Amino acid sequence: MATTDDDRRPKYQRIADSLREAIQSGEYGPGDRLPGENELMAAHGVARMTARQALSVLKDEGVAESRKGAGVFVRSFRPLRRRGIQRLAQEQWGSGRSIWSADIENRTLVVDQVSVSEEVAPEQIGQVLDLEEGDTACVRRRRFVLDGKPVLLATSYLPTSVVAGSAITQEDTGPGGTYARLAELGYKPVHFREEIRSRMPTKEEATQLSISSGTPVILICRTAFADEGRPVEINEMTLDAASYILEYDFDA
């Protein structure tokens, strides 16, 4: 009898696939507890390590999450649909709205771990911002938490010569955020460029985003340009890949 590709899958993968199918079919809904290691061992006749590996696959994919002392549960967090073009429209920040308002609907967003400092920018950042040797940048670091789940780490770099003395150097930049303040300073963003990559998280990123080391992150580097192509901000973002859907909607 021929051996199928499915038969050649490792046992832990077959168990993980079976659990995933049960989740997708609705047998296990958001917030439901999945069978534990002992239950999987008994049901599939496998060793504890195999059962643990199967559950780890689902956790690494962002499908399930561990709750200390309680077990492994179907993840109930609803992915955030990031509308990459609409969120940066001038009508968003120009009218005093956060660019996040294009994404989150009526969900609760909290920005924590905010820090603002003046630093010598990394060489690559300095080159893009056209900084002279010895010039500093205003560096804004933030973590964004949606519905109680950390979803994004962001670090923005802006030329100190442009933003010195403005609200951009404060933790709260005010209505419309950084881009509205740049417009007031005479450096209104008129063009954006985003570069997107992905990789596995560093240990620090996994801790800050409350994800497992097997859950990938999305890296987005956005550069904002004022008139005449002058770069005025670089924002390096690290996203929990399991928490996002990246949507780009534009005319042909």
Side-chain angles (χ1 to χ4, degrees), residues 80 82-84 87-88 92-93 98-104 109-146 149-174 176-183 185 187 189 191-211 213 215-226 230-244 246:
L80 172 65
R82 183 182 188 272
R83 295 174 169 87
R87 69 198 314 270
L88 294 174
Q92 280 289 124
W93 48 267
S98 164
I99 63 175
W100 280 80
S101 64
D103 304 331
I104 63 173
L109 177 71
V110 175
V111 184
D112 69 0
Q113 299 184 8
V114 181
S115 70
V116 185
S117 58
E118 183 178 331
E119 305 174 18
V120 175
E123 182 178 357
Q124 185 176 356
I125 298 292
Q127 289 175 352
V128 175
L129 291 178
D130 292 331
L131 300 181
E132 299 290 340
E133 185 176 353
D135 286 351
T136 61
C138 172
V139 183
R140 300 180 51 81
R141 295 181 174 89
R142 296 90 70 206
R143 183 177 73 161
F144 294 81
V145 181
L146 184 67
K149 167 73 177 73
V151 294
L152 169 71
L153 309 174
T155 301
S156 294
Y157 300 87
L158 304 100
T160 300
S161 59
V162 169
V163 303
S166 73
I168 293 173
T169 64
Q170 306 300 312
E171 289 189 6
D172 184 356
T173 56
T178 296
Y179 297 146
R181 303 292 80 75
L182 283 171
L185 293 168
Y187 298 93
H191 180 73
F192 297 95
R193 180 180 66 223
E194 288 193 342
E195 300 174 349
I196 301 175
R197 297 179 293 126
S198 64
R199 59 166 168 77
M200 304 311 292
T202 65
K203 184 176 180 179
E204 181 180 2
E205 290 167 345
T207 298
Q208 287 187 284
L209 290 171
S210 298
I211 59 177
S213 59
T215 300
V217 291
I218 299 169
L219 307 178
I220 299 179
C221 180
R222 180 172 68 232
T223 305
F225 299 88
R230 174 167 184 172
V232 290
E233 184 221 29
I234 294 176
N235 188 354
E236 295 186 326
M237 295 163 273
T238 304
L239 294 66
D240 167 15
S243 294
Y244 275 89
L246 305 185

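Along the sequence shown, residues are numbered consecutively beginning with 1. Computed from a prediction, not measured in an experiment: that's the story for all the values here.
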For this session: Under the side-chain hydrogen bond (donor to acceptor under 3.5 Å, both in side chains) rule, collect the residues that match up with D130, sequence neighbours excluded.
Result: none
Problem set entry | Short side-chain to backbone donor-acceptor contact, E205 and T202, under 3.5 Å | yes
For this session: Would you please test V217 and L153 for side chain to side chain contact (heavy atoms under 4.5 Å, CB included) and show each step?
Result: CA-CA 10 Å; V217 291; L153 309 174; over 6 Å; no
For this session: Sort out for me which residue in R142, Q208, R141 forms a side-chain hydrogen bond (donor to acceptor under 3.5 Å, both in side chains) with Q113.
Result: Q208
For this session: Name the orientation class of the two ring planes belonging to F144 and W100 (parallel below 30°, tilted from 30 to 60°, perpendicular beyond 60°).
Result: parallel
Exercise. Is there a donor-acceptor pair under 3.5 Å between the side chain of R87 and the backbone N or O of S98?
Worked result: no
For this session: In sequence, state the C-alpha distance, the side-chain angles, and the governing distance for I168 and L185, and then conclude on side chain to side chain contact (heavy atoms under 4.5 Å, CB included).
Result: CA-CA 10 Å; I168 293 173; L185 293 168; 4.3 Å; yes
Exercise. Can D135 and T160 be said to form a side chain to side chain contact (heavy atoms under 4.5 Å, CB included), step by step?
Worked result: CA-CA 8 Å; D135 286 351; T160 300; over 6 Å; no
Exercise. Would you say the side-chain atoms of E233 and Y179 include a donor-acceptor pair closer than 3.5 Å?
Worked result: yes
Problem set entry | Short side-chain to backbone donor-acceptor contact, D240 and V151, under 3.5 Å | no
Exercise. Hey, does the side chain of R181 reach the backbone of T173 with a donor-acceptor pair shorter than 3.5 angstrom?
Worked result: yes
For this session: Using side-chain contact (heavy atoms from CB on, under 4.5 Å) as the criterion, point out the one residue from P201, P150, P216 that pairs with I211.
Result: P201
Exercise. Do D103 and L109 touch side chain to side chain, with heavy atoms closer than 4.5 Å?
Worked result: no
Problem set entry | CA sep, side-chain torsions, deciding dist, call: I196, M237, side chain to side chain contact (heavy atoms under 4.5 Å, CB included) | CA-CA 10 Å; I196 301 175; M237 295 163 273; over 6 Å; no
Exercise. Hey, what do you get for CG (L246) to CG (L239), rounding to the nearest 0.5 Å?
Worked result: 7.0 Å
Problem set entry | Distance, nearest 0.5 Å, that separates OG1 of T155 from CZ of R143 | 13.0 Å
Exercise. Would you find a donor on one side and an acceptor on the other, under 3.5 Å apart, between the side chain of R199 and the backbone of R197?
Worked result: no
Exercise. Short question: side chain of T136, backbone of E118 - any donor-acceptor pair under 3.5 Å?
Worked result: no
Exercise. Can you tell me if R82 uses its side chain to pair, donor with acceptor, with the backbone of Y244 under 3.5 Å?
Worked result: no
